[in-house]
Every structure is written in C-alpha cells, then in structure tokens.
Amino acid sequence: MSRHQAYRNYDYENDLDEYEGDDGYADEEEELSPEDRAQMDAGTTQVREALGTESSKVTTQQIQEALWHYYYDIDKSVTYLITKFIAPPSKKKAVEKDRTDAEHISFAGFFSDMPWLDIPQHRQTIFVEPSHARGGLLGGASTSGKMSKLQALAAARKKKADEQKSELRQVTQHMNDLSTSPDQPKLSKENIRPSQSSTRGAASPAGASRTIAPQGPAPEQVIKNEGVRHQPEITEKPSIQLPFARSSSHPPVTMSPEIATPSPFAQALLRSTNDSAAPPSRTYPFPYMNVALSPADAFSAPSPDDVVLKAQSQASSKKAAAPAAKKKVESAAKSGEAAADGINCLKIDDAPLPKSKNLDVLQEFQKAKSKKSASFVVVGHVDAGKSTLMGRLLLDLNVVDQRTIQKYRKEAENMGKSSFALAWVLDQRSEERSRGVTIDIATNKFETDATSFTILDAPGHRDFIPNMIAGASQADFAILVVDATTGAFEAGLKGQTREHSLLLRSMGVSRVIVAINKLDTVGWSQERFDEISQQVSGFLSATGFQLKNVSFVPVSGLLGDNIVKRSADAAAGWYDGKTLVEELESSEPMTRALHKPLRLTISEVYRSTQSPLTISGRIDAGSLQAGDALLVQPSGEKAYVKSLEFDQEPAEWAVAGQNVVIHLSNIDAMHVRVGDIICDTKQPIGCIDTFTVKILAFDILMPMQVDVHRGRLHAAGQIMEMPALLDKVKGTVTKKKPRIVKPGSVARVVVKMGSKVPLEAGQRVVLRSAGETVAAGLLE
C-alpha cells in the first residue's frame with residue numbers, strides 16, 4: 001500500500017480522542033506513577049533525616065518540589081532547601097562582601113597565578129628613558145651662540161623680504177594720498193593686507209589681547225625679543241579698519257587669543273613646552289579691502305538704470321493700490337473685520353466639491369425604475385469548461401459577434417488550442433491564453449429583458465483560490481460548473497469542486513445553479529445526469545445549502561445546448577426544465593444595504609485618461625455621487641469623486657450592489673491599493689489588528705499562522721486563542737478552551753494580525769493555511 005493510500009485511509013479520530021478532556025489547560029494536573037510516588041516518599045524521609053531538627057522549617061510540598069526538580073538527588077535537594085528556606089544568605093552581607101572584594105582587587109593580584117609573571121629578576125627587561133633630541137634647526141647649531149651658515153642664509157633672506165614689503169607699504173600710502181575724491185578719507189594701514197612675515201623672537205604673552213578699533217589708525221606692531229635663540233618669531237596681525245564703520249560710538253571689540261598646546265614634534269625640536277604662541281586670527285579682511293577703494297565711490301550712488309526701474313515700480317504700485325484700497329474699505333465696512341483676520345477664517349471643509357449637485361441618491365434610485373442588477377460568479381474544478389460556457393452564453397446573446405469568435409479561433413489554432421476560442425472572450429491576458437487556465441477574475445456584462453447581469457469568471461486552479469474568494473465576495477449567486485465526462489467529475493469532487501462549494505457558503509452565497517457541462521460527450525445520458533445530481537446535492541446539503549435554492553441544468557458549453565436555447569439533439573429530449581439563462585432570470589439578488597454608511601471594496605487601481613487615479617469595485621453598502629468626499633482605509637487619506645461610470649457610461653450617482661468605476665482627485669496613488677475600503681468620512685470603517693471571529697472549521701485548527709482573506713484583502717495573521725466550542729444550532733458554548741478544533745466544528749477564535757486592516761463586525765472572512773482553506777466565519 002502506498003503512503004498516499006495510507007494517508008487517505010488514516011483515521012485521525014482515534015488519535016484525537018486522547019486530547020479530549022473535560023477541562024482546559026488550567027484544570028489539568030499531572031499525577032505520579034506508583035513507582036514515582038514510592039521514590040518520592042522515600043526521598044522525603046531521607047531529606048528530613050538529613051535536615052534533622054531544621055526539617056520543621058520546610059513543608060512536605062517544598063521537599064517534594066526540590067526532589068522532583070533535582071530528579072530525587074538527596075544532596076542537591078538538601079542544599080537547595082537550606083539556602084532557600086532554612087538559612088538564606090543576607091542581602092546586606094552579600095553587598096558588603098562584593099564591595100570589599102571590589103576595593104581590594106588589583107591587576108597584580110588578579111594575574112598573580114599567571115605563568116608569564118614568574119620571571120627571574122636577572123631576566124626582566126630594564127626600560128631606559130630615551131634622550132631628548134637636540135633643539136635648534138636641523139642644520140645644527142652650537143649652544144655657544146655662534147650662528148650656522150644655514151641660519152645666516154635664512155636671516156638674510158628674511159631681512160630682504162622685510163625691506164621689499166616696507167617699500168611696497170610706502171608706495172601704497174603715497175597712492176592713497178593721490179585720491180580722486182576730495183572727500184575720501186585717508187586710508188590707513190588696516191586697508192593693507194597684513195604681513196605674514198615673522199622675525200626671530202618670542203610671541204606675545206598669553207595674557208595679551210588684540211583690539212579691533214572701529215575708527216582711527218591701527219596701532220603699530222610691537223615685537224618683543226626676549227633673547228631666546230633658535231626659536232621662530234610669530235608676529236601678531238595688525239588690526240583692520242572697516243571702511244563702513246565710521247561711527248565712533250561703538251566700543252572696540254576685544255578678542256582674547258586662544259593658544260593651542262604644542263605638538264610632541266614641536267616640543268622635541270624646540271625643547272620648550274612653556275612658551276606660548278599666538279594662534280592665527282579668526283577674522284579675515286574682505287578681498288576688496290586690500291586695495292585702495294577711492295575709485296569705488298563712483299558706484300556708491302544708484303545707477304541710472306536703477307533709478308528708472310524704481311520710478312516705474314512706484315508708478316505701477318500707485319495705480320494698483322487705488323482700486324485695492326477702495327475694495328478693502330468697502331469689504332471692511334460690510335464685514336467689520338480687518339483683512340488680516342481673514343486668514344483665520346480659512347479652513348478645509350468636508351463638504352463636496354462645487355460640482356456636486358447634492359442629490360438625494362436614494363430618491364433618484366427609486367425614480368429611475370431601471371432594470372434590476374445582479375452579479376454571479378462562475379466556479380468549478382479546473383478544466384470544467386467555465387470560460388467556454390460563458391463565452392458561448394455571450395455569443396448566443398449577441399454580446400460578442402461571430403467575427404470576433406472567428407478571429408479568436410484562428411489565433412487559437414495557431415497556438416494549437418482551437419477549442420479555446422470561446423474561452424478567450426473572457427481570458428484576455430496572454431498568460432491565461434498560453435497556459436489555458438483562468439488566473440484572475442474576468443468580468444463581463446449582458447442584459448436580459450428584466451435584469452442586467454455581471455459575470456465574474458473565477459479561476460478553478462487551486463493556486464488562484466484567493467482570486468476566487470474575491471469574486472465570490474462580490475456575487476449574489478453562483479453557477480457551479482461540473483464536468484460530466486467519465487472520471488473528470490469524480491476528480492473534481494475531490495478537488496476544487498468541493499472547496500469552491502465550501503467557500504461559496506462561507507461568503508454568504510445561498511443560491512447555486514449547477515451546470516452539468518460536457519454532457520454531449522456521454523451521449524446526453526440521463527443516468528449520468530441523475531448520478532451527478534445526487535452526489536452534488538448530497539455534499540451541497542452537507543455544506544449548508546438548502547436544496548430548494550439549488551437547481552441543475554444539463555448543458556454543452558462548446559455546442560451551446562440548453563444555455564440560451566434548448567438543445568436540438570434528440571438524445572437530450574428527456575430534459576424539459578429551464579435553460580441556464582432562464583434560471584439566472586429567476587434568481588433574486590441579495591437585499592441591498594442602501595441605508596447603511598458607504599462601503600466599497602477596491603478591486604482594481606489604474607490610470608485613465610479622465611483621472612490619474614481610477615478605481616473600480618462593487619459597492620457593498622450605502623451610496624455616493626460625483627463630488628462626494630471619501631476616505632480610503634487603512635491609509636486614512638481623503639479623496640473626492642471627480643466622476644462616476646456605471647455600465648461603461650457616465651453616471652451622477654451609484655448605490656449598493658452596483659459595480660462602478662470611480663475617478664478620484666486630490667489623492668496620491670501611493671495611498672490607494674487593491675483590497676482597501678472606500679468609506680464615508682463621517683462614518684468611517686475602523687482599522688484593527690485583533691478581532692474575534694465565529695468560524696466553521698474545514699480542517700484541524702490550533703494556535704497557528706493563517707492567512708486572512710476578505711474580498712480582495714489578503715493579510716497574514718495568527719490564531720492566538722480558541723476561547724470556546726459552540727453548538728451549531730443554538731450557538732451556546734459546549735466546551736471552553738479546547739486544545740484543537742475538529743473539522744466540521746463551530747468555534748470562537750481570536751486572530752492577531754501583523755498590521756491593522758479595515759474590518760468591522762458582520763463581515764465574512766476566510767482563513768487559509770499552507771494553501772488550504774481551513775476555516776471561514778463571521779466577525780463578532
């Protein structure tokens with residue numbers, strides 16, 4: 001027997017019975033075996049004998065807990081009881097001991113037992129302090145005071161540079177005296193770039209200060225030579241006369257020098273650490289202050305162009321000020337408020353845009369007397385012919401013309417899939433056509449004499465169950481397509497046919513039309529039809545559907561029999577019931593929540609020519625109109641309805657149950673995602689991360705990771721608690737805190753989400769784990 005067959009025949013009921021108990025986790029206690037009990041009693045006697053007179057200070061329960069913890073070790077148990085209960089150490093003594101140890105600890109004592117410290121005295125290293133480097137220039141100089149050749153050459157060059165700078169200073173002073181402006185003040189030495197030269201000698205004392213005088217000539221540089229040889233002299237920079245500071249009312253600004261510590265390299269060279277040097281000045285002259293500024297006065301007055309431009313601006317301002325002042329006086333007389341107070345009156349209002357007509361949508365809906373609208377989802381096992389069936393229905397109702405079908409058939413033949421031509425009416429994506437399976441929800445519309453229908457073609461493959469859930473959440477009723485070929489029905493009954501039925505009932509769909517497809521391949525056998533009808537009726541009834549809301553129609557999606565018209569084949573003459581379209585028309589849509597706050601689940605987000613952000617979806621509750629202010633959850637961003645489309649035509653309003661296209665404005669696309677909720681700004685839906693849900697289990701449930709699905713919403717979560725099992729009929733609590741929840745049981749569970757999602761009481765959710773649907777239920 002293969003392991004798959006063994007797993008299929010595995011009866012988990014026998015293994016699960018051992019977990020059943022009358023109480024929860026808190027009520028269960030472990031009991032000792034007879035051997036453990038005997039060993040425990042013997043150990044208790046030995047411990048009391050070892051403790052002697054001190055045994056009266058501990059209880060039997062404390063002794064037994066110690067023995068159980070130390071696996072009946074008598075010595076460890078006695079030590080634990082003495083240190084814990086009989087003679088516990090004092091906290092103050094322990095703290096004082098730690099402090100004492102911390103005070104007496106030393107690195108020598110800490111490493112006293114290390115082998116590398118055991119070195120004989122005659123082998124230990126003796127460190128000799130290195131001698132300091134000789135001071136003076138690197139060329140060398142004696143301490144007797146005699147100047148070396150290198151020092152003499154440097155002094156000669158320095159003297160020559162000082163003479164050249166002195167001559168330049170005299171020439172500059174002579175040029176200032178020859179100024180072209182009679183009112184130009186005599187420039188002083190502060191307009192000249194300060195000299196960077198230095199002479200041999202010590203710097204100014206540390207206590208000296210430098211003064212920047214706002215007016216008057218700069219003081220001469222004072223150089224004090226203390227007679228210290230072989231030390232560079234640092235000359236303090238002169239004060240700077242600012243040309244725009246002509247007032248003598250400002251006191252001089254005193255700046256104290258900041259002396260830095262000499263570097264080790266300088267100390268080694270100069271053999272001095274006490275001499276201080278003045279740091280470079282932190283104030284720098286402007287570049288244009290280094291030259292004579294007498295010609296600059298020609299530009300001190302405004303240019304002719306500036307005069308003309310100023311006159312033109314004054315003339316224009318006078319003309320504009322006259323009517324503005326008149327209007328201001330009139331408005332102030334009427335309102336009695338100043339113009340500045342008008343800013344306080346500005347506010348952002350939640351009212352609709354000015355384009356809104358403020359219609360009474362419910363009254364307009366009653367006056368319209370339009371066809372009733374209904375949506376149905378097409379579900380079933382993969383390759384059951386769902387898309388082909390809907391393509392034939394649209395072709396027979398002239399929604400799609402024959403020319404388009406011929407085009408699709410030609411393209412399908414080129415790909416070797418000629419039988420998929422009708423399916424391509426709904427499967428528009430290239431990936432769907434190449435793989436031959438439906439991936440996402442395909443929508444289309446058609447009308448009969450009394451009803452406007454919206455088709456939601458759901459994928460049948462198990463990998464795309466989340467898309468099927470999204471389609472079922474928008475449907476009023478469903479068409480369950482079953483493959484009647486030999487072996488295909490049995491495989492589907494164990495596959496997605498059963499799972500889709502469970503999901504339909506979990507999402508609140510109560511009306512199901514079972515289309516038994518491909519019955520022409522078995523010669524329109526009535527026996528095959530009855531066999532399939534009986535088996536499907538059985539598991540639909542067990543799922544929770546009422547048989548009065550379930551109907552069966554034998555069809556052929558490829559040939560079009562019993563879809564819009566009755567079959568012309570004589571072999572199908574035994575069926576005299578309704579066609580598929582007649583069954584659809586006889587189905588009543590769900591009751592619309594017209595008077596509740598607006599709730600719309602976003603199915604698609606895209607960019608269109610009318611708006612940079614366009615969304616589509618089905619209105620679950622409430623109504624809206626063009627110009628309404630909306631709130632997008634969970635982002636919490638506000639948007640406005642720019643325009644509406646219903647049935648691909650512009651509309652002024654829309655109500656619950658309709659699939660609409662909304663063009664939004666005043667919102668960024670990054671705040672809108674598929675699965676978000678559009679709601680009313682005054683009655684928004686809340687965003688929560690923990691909720692309680694009453695579920696019907698399809699598989700074994702325990703505290704575990706799950707995926708929460710609600711329409712297009714898909715978020716990760718975890719079952720944190722299972723408070724109780726409930727009675728299926730009465731809803732009363734039958735058991736508290738169960739360890740597991742068996743398939744088919746109803747329980748109340750608490751789910752914790754990874755992030756906040758827009759959910760509220762009364763909504764239906766589906767829980768999936770590891771690619772399987774494990775539960776579905778209703779939020780409490």
Side-chain angles (χ1 to χ4, degrees), residues 374-400 402 404-405 408-409 412 417-428 432-433 436-446 448 453-461 464 468 471-472 475 477-485 488-489 492 496-497 500-501 504 511-522 524 528-529 532-533 536 550-569 572 575 577-585 587:
S375 302
F376 64 91
V377 62
V378 185
V379 298
H381 192 61
V382 63
D383 293 335
K386 300 182 294 297
S387 298
T388 301
L389 179 64
M390 292 299 103
R392 170 60 69 175
L393 186 146
L394 295 175
L395 176 62
D396 293 346
L397 291 174
N398 297 323
V399 178
V400 180
Q402 188 66 36
T404 304
I405 299 299
Y408 290 159
R409 182 171 286 109
K417 299 179 179 180
S418 58
S419 61
F420 284 78
L422 291 171
W424 284 11
V425 175
L426 293 172
D427 296 342
Q428 296 289 333
E432 293 176 331
R433 293 184 175 184
V437 295
T438 303
I439 296 177
D440 202 355
I441 295 292
T443 60
N444 213 318
K445 296 180 180 294
F446 68 92
T448 60
F453 290 100
T454 300
I455 303 174
L456 302 170
D457 186 18
H461 200 280
F464 311 116
M468 180 267 163
F477 44 89
I479 295 179
L480 178 62
V481 182
V482 178
D483 191 349
T485 56
F489 166 70
Q496 303 313 116
T497 302
H500 284 190
S501 302
L504 287 175
R511 166 69 170 151
V512 176
I513 302 172
V514 181
I516 302 178
N517 194 21
K518 303 181 184 180
L519 203 60
D520 56 313
T521 59
V522 293
W524 294 97
R528 181 64 172 170
F529 175 80
I532 294 174
S533 300
V536 172
V550 179
S551 56
F552 296 87
V553 181
V555 297
S556 174
L558 191 61
L559 302 178
D561 294 337
N562 293 332
I563 298 177
V564 178
K565 301 178 181 178
R566 294 189 176 276
S567 175
D569 194 336
Y575 179 73
K578 297 180 180 180
T579 61
L580 184 62
V581 173
E582 292 173 351
E583 290 287 353
L584 290 173
E585 288 184 331
S587 302

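Any value given below was found using the heavy atoms of this structure, including those in side chains, with hydrogens, waters and symmetry copies removed.
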List for me each residue that meets side chain to side chain contact (heavy atoms under 4.5 Å, CB included) alongside Leu397, sequence neighbours excluded, and say none if there are none. Leu393, Val399, Phe446, Val564
Taking the side chain as everything from C-beta on, heavy atoms only, tell me whether Ile405 gets closer than 4.5 Å to Val425. yes
Closest contact, heavy atoms only, Lys445 versus Leu394: O-CD2, 4.2 Å
Does any N or O in the side chain of Asn517 come within less than 3.5 Å of the main-chain N or O of Val481, such that one atom is a donor and the other an acceptor? no
Least distance between heavy atoms, Asp483 atom then Ala488 atom: OD2-CB, 3.3 Å
Could you give the distance from CD (Glu585) to CG (Leu580), rounded to the nearest 0.5 Å? 10.5 Å
Gap separating the OH atom of Tyr575 from the CD1 atom of Ile516, nearest 0.5 angstrom: 9.5 Å
Heavy-atom side-chain proximity of Thr579 to Arg566 below 4.5 angstrom: yes
Can you list the residues that meet the salt bridge (Lys or Arg N to Asp or Glu O under 4.0 Å) rule with Asp457, with sequence neighbours excluded? none
Tightest non-hydrogen contact, residues Leu456 and Ser375, listed as CD1-CB, 4.4 Å
Separation of Met390 CE from Leu422 CG (nearest 0.5 Å): 11.5 Å
In terms of ring plane angle, is the pair Phe552 and Phe529 parallel, tilted or perpendicular, where the classes change at 30° and 60°? perpendicular
When every non-hydrogen atom of Ser551 is compared with those of Arg511, the smallest separation belongs to OG-NH1, 3.3 Å
Residue set satisfying side chain to side chain contact (heavy atoms under 4.5 Å, CB included) with Ser556, at least two apart, ordered chain then number -> Asp520, Trp524, Leu559, Asp561
Looking at every heavy atom in both His381 and Gly492, which two are closest together, and how far apart are they? CG-CA, 3.6 Å
Between the side chain of Asn444 and the main-chain N/O of Ile455, is any donor-acceptor distance below 3.5 Å? no
Under 3.5 Å, side chain of Arg528 to main-chain N/O of Thr485, donor-acceptor pair present? yes
In Å and rounded to the nearest 0.5 Å, what is the OG1 to CD distance from Thr448 to Glu582? 11.0 Å
Here the salt bridge (charged side-chain N to carboxylate O under 4.0 Å, His left out) pairs for residues 374-398, sequence neighbours left out, are Arg392-Asp396
Residues that Thr443 engages under side-chain hydrogen bond (donor to acceptor under 3.5 Å, both in side chains), provided they are two or more places apart: none
Is the shortest side-chain heavy-atom distance between Thr497 and Val536 below 4.5 Å? no
All side-chain hydrogen bond (donor to acceptor under 3.5 Å, both in side chains) counterparts of Thr521, not counting sequence neighbours: none
Which heavy atom of Leu504 sits nearest a heavy atom of Ala472, and at what distance? CD2-CB, 4.1 Å
Any heavy-atom pair between the side chains of Leu480 and Ser501 that's under 4.5 Å? yes
